[in-house]
S.K.: 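Please find one structure pasted underneath; my questions will follow.
Counting from 1, the numbers follow the sequence of the chain as shown.
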Amino acid sequence: MSSKMVRVSLISSMILGVLATSCDPSELSVHAGFSKGAAPSSTTSFSAPSGSAPSASPSEFDADVAPQEGKVLLREFSRAQVTQVKALEHRNQFELKEFKVSQDFKFKEWKSREQEARHRFFSEHLNGTERRVYIQSYVQRRDALLNDLSSEKSKKAQELDFKINELKDVQGKKLQEVKKLLEKGKRPDPSLWPESGR
């Protein structure tokens with residue numbers, strides 16, 4: 001080993017000796033670029049991203065329906081209500097028609113039974129007076145039945161009309177509630193929307 005290298009080695013040893021006697025051992029690691037029990041420090045800082053959206057005040061999101069959207073929703077809601085009424089009217093017409101068919105069948109059966117009974121009576125009673133009395137009784141029974149059928153049909157029609165009026169009443173209340181919500185910029189609850197097929 002050359003004399004120059006020996007002198008450098010001796011100087012280094014002297015410096016470390018001085019540091020060892022005047023510094024805390026933990027400070028030696030700091031001079032070497034380390035912290036006690038930790039990985040080497042980095043020159044790059046990893047702070048939290050600063051590009052996230054700022055938190056908005058609650059008032060900014062109180063209105064979840066814009067005015068223009070509110071107009072569209074109200075128009076669609078009104079159309080849905082009209083469609084709902086028309087659907088019920090269509091079902092009522094069909095139900096009333098089926099009811100009339102049932103009544104016609106009932107009257108047809110009644111006439112068939114009466115005809116058989118009249119033939120038996122006429123075959124057993126040849127007297128004209130007796131036959132006239134029977135016919136008068138038949139006419140009374142027929143008129144009574146026709147009146148009953150007419151009353152039943154009227155009652156049925158009234159029940160169906162009541163359903164329409166009841167639906168319109170409910171719709172009117174819901175429409176007012178929807179309007180109030182939209183005026184406040186609130187989205188109406190789905191339960192207020194007319195149910196499909198009902």
Side-chain angles (χ1 to χ4, degrees), residues 58-59 61-198:
S59 60
F61 295 101
D62 283 345
D64 56 4
V65 177
Q68 187 61 34
E69 183 184 2
K71 293 180 181 180
V72 174
L73 286 176
L74 182 59
R75 183 165 58 249
E76 292 179 351
F77 182 85
S78 299
R79 289 176 179 174
Q81 284 192 328
V82 172
T83 301
Q84 187 183 31
V85 172
K86 289 183 177 180
L88 181 57
E89 289 175 343
H90 178 75
R91 290 195 299 272
N92 286 355
Q93 291 175 358
F94 180 79
E95 187 174 346
L96 189 61
K97 182 179 179 180
E98 290 294 310
F99 184 81
K100 182 65 169 59
V101 170
S102 176
Q103 282 190 325
D104 291 344
F105 181 76
K106 181 178 180 180
F107 182 68
K108 185 177 180 180
E109 284 190 326
W110 180 87
K111 287 181 64 176
S112 179
R113 292 194 300 269
E114 283 289 334
Q115 185 176 14
E116 292 178 0
R118 184 170 64 252
H119 288 166
R120 288 196 301 269
F121 183 87
F122 278 18
S123 65
E124 298 172 359
H125 301 81
L126 303 179
N127 184 278
T129 301
E130 292 178 342
R131 289 186 173 184
R132 283 193 295 271
V133 172
Y134 183 89
I135 292 298
Q136 291 174 357
S137 177
Y138 163 78
V139 171
Q140 292 176 355
R141 293 195 302 275
R142 183 197 63 191
D143 291 346
L145 176 60
L146 290 175
N147 286 334
D148 289 343
L149 293 176
S150 178
S151 296
E152 289 177 359
K153 184 179 179 180
S154 297
K155 183 179 179 181
K156 185 66 175 179
Q158 290 175 358
E159 291 176 355
L160 298 178
D161 288 340
F162 177 79
K163 289 182 179 180
I164 293 292
N165 294 330
E166 185 180 36
L167 174 61
K168 289 182 177 180
D169 182 61
V170 172
Q171 284 187 340
K173 294 177 180 178
K174 289 186 175 182
L175 179 60
Q176 293 303 317
E177 187 173 354
V178 168
K179 285 182 177 180
K180 290 179 180 179
L181 289 171
L182 292 176
E183 288 174 357
K184 296 178 181 179
K186 298 294 184 180
R187 189 173 301 277
D189 190 275
S191 62
L192 296 173
W193 203 268
E195 297 183 32
S196 177
R198 295 187 62 181

S.K.: Do you know which two heavy atoms are closest between Val178 and Pro188, and how far apart they sit?
M.R.: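 Nearest heavy atoms, Val178 then Pro188: CG1-CG, 3.8 Å.
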S.K.: Could you give me the CA-CA distance, side-chain angles and deciding distance for Arg131 and Leu126, then say whether side chain to side chain contact (heavy atoms under 4.5 Å, CB included) is met?
M.R.: CA-CA 7 Å; Arg131 289 186 173 184; Leu126 303 179; 3.4 Å; yes
S.K.: Closer than 3.5 angstrom, by distance alone: can the side chain of Glu130 be matched with the main-chain N or O of His125 as a donor-acceptor pair?
M.R.: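 No; zero donor-acceptor contacts below 3.5 Å.
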S.K.: Answer yes or no: is there a donor N or O on one side and an acceptor on the other, between the side chain of Gln171 and the main chain of Gln81, under 3.5 Å?
M.R.: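 Confirmed, Gln171 side chain pairs with Gln81 backbone.
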S.K.: So, Ser154 side chain and Ser150 main chain: donor-acceptor pair closer than 3.5 Å or not?
M.R.: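 Present.
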S.K.: From Leu175 CG over to Lys180 NZ, what is the distance, rounded to the nearest 0.5 angstrom?
M.R.: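 Going from CG on Leu175 over to NZ on Lys180, the span is 11.0 Å.
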S.K.: Is Arg142 salt-bridged to Glu114, going by a charged N under 4.0 Å from an acidic O?
M.R.: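 Salt bridge: no.
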S.K.: When rounded to the nearest 0.5 angstrom, what is the spacing between CZ in Phe99 and CG in Leu96?
M.R.: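 Rounded to the nearest 0.5 Å, the CZ-CG separation comes to 8.0 Å.
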S.K.: Are any non-hydrogen side-chain atoms of Glu95 and Glu159 less than 4.5 angstrom apart?
M.R.: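 No - every pair of side-chain heavy atoms lies 4.5 Å or more apart.
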S.K.: Could you tell me if the side chain of Ile135 sits less than 4.5 Å from the side chain of Phe122, heavy atoms only?
M.R.: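 Of all side-chain heavy-atom pairs linking Ile135 with Phe122, at least one is under 4.5 Å.
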S.K.: Looking only at heavy atoms, which two atoms of Ser191 and Lys174 are closest? And how far apart?
M.R.: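 Scanning both residues, the minimum pair turns out to be O-NZ, 3.7 Å.
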S.K.: Students often mix this up, so state it plainly: with edges at 30° and 60°, are the rings of Trp110 and Tyr138 parallel, tilted or perpendicular?
M.R.: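 Answer is parallel, since the angle falls under 30°.
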S.K.: Can you list the steps and then say if Val72 with Arg75 is a side chain to side chain contact (heavy atoms under 4.5 Å, CB included)?
M.R.: CA-CA 5 Å; Val72 174; Arg75 183 165 58 249; 3.7 Å; yes
S.K.: Find the distance between NE2 (His90) and NZ (Lys86) and round it off to the nearest 0.5 Å.
M.R.: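 Rounded to the nearest 0.5 Å, the NE2-NZ separation comes out at 13.0 Å.
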S.K.: Would you call Lys100 and Lys156 a side-chain contact if the rule is heavy atoms closer than 4.5 Å?
M.R.: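 When only atoms from C-beta onward are counted, Lys156 and Lys100 do not touch, as no gap falls below 4.5 Å.
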S.K.: Test your reading of the model: is there a side-chain donor-acceptor pair from Ser112 to the backbone of Lys108, 3.5 Å cut-off?
M.R.: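 Flag not set: sc Ser112 to bb Lys108 has no pair under 3.5 Å.
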S.K.: Does the structure place the NZ or CZ of Arg141 under 6.0 Å from the centre of the six-membered ring of Tyr134, at an angle of no more than 45° from the ring's axis?
M.R.: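 Pair Arg141/Tyr134 counts as cation-pi.
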S.K.: Going from CG on Asn92 to CG on Leu167, what distance comes out if it is rounded to the nearest 0.5 angstrom?
M.R.: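 Reported value, rounded in 0.5 Å steps: 9.5 Å.
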S.K.: Is any side-chain N of the basic residue among Asp169 and Lys173 closer than 4.0 Å to the acidic one's carboxylate O?
M.R.: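 Salt bridge present between Asp169 and Lys173.
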S.K.: First locate atom CG of Leu192, then atom CD of Gln176, and finally report the distance between them rounded to the nearest 0.5 Å.
M.R.: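 With rounding to 0.5 Å, CG (Leu192) is 12.5 Å from CD (Gln176).
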S.K.: Any chance you could lay out the side chain to side chain contact (heavy atoms under 4.5 Å, CB included) test for Glu76 and Trp193, step after step, and finish with the verdict?
M.R.: CA-CA 10 Å; Glu76 292 179 351; Trp193 203 268; 4.0 Å; yes
S.K.: Glu177 vs Asp189, test: side chain to side chain contact (heavy atoms under 4.5 Å, CB included). Steps then yes/no.
M.R.: CA-CA 10 Å; Glu177 187 173 354; Asp189 190 275; over 6 Å; no
S.K.: Would you compute the distance between atom CZ of Arg91 and atom CD1 of Ile164 and round it to the nearest 0.5 angstrom?
M.R.: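 Arg91 CZ to Ile164 CD1: 8.0 Å, rounded to 0.5 Å.
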S.K.: Could you go through the side-chain hydrogen bond (donor to acceptor under 3.5 Å, both in side chains) check for Thr129 and Arg132 one step at a time?
M.R.: CA-CA 5 Å; Thr129 301; Arg132 283 193 295 271; 3.2 Å; yes
S.K.: So which heavy atom on Arg187 is nearest to which on Asp64, and how close?
M.R.: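 Heavy-atom minimum between the residues: N-OD1, 3.1 Å.
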S.K.: For Arg79 and Thr83, which I'm curious about, is there any donor-acceptor pair between the side chains at under 3.5 Å?
M.R.: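 Distance-only check fails for Arg79 and Thr83.
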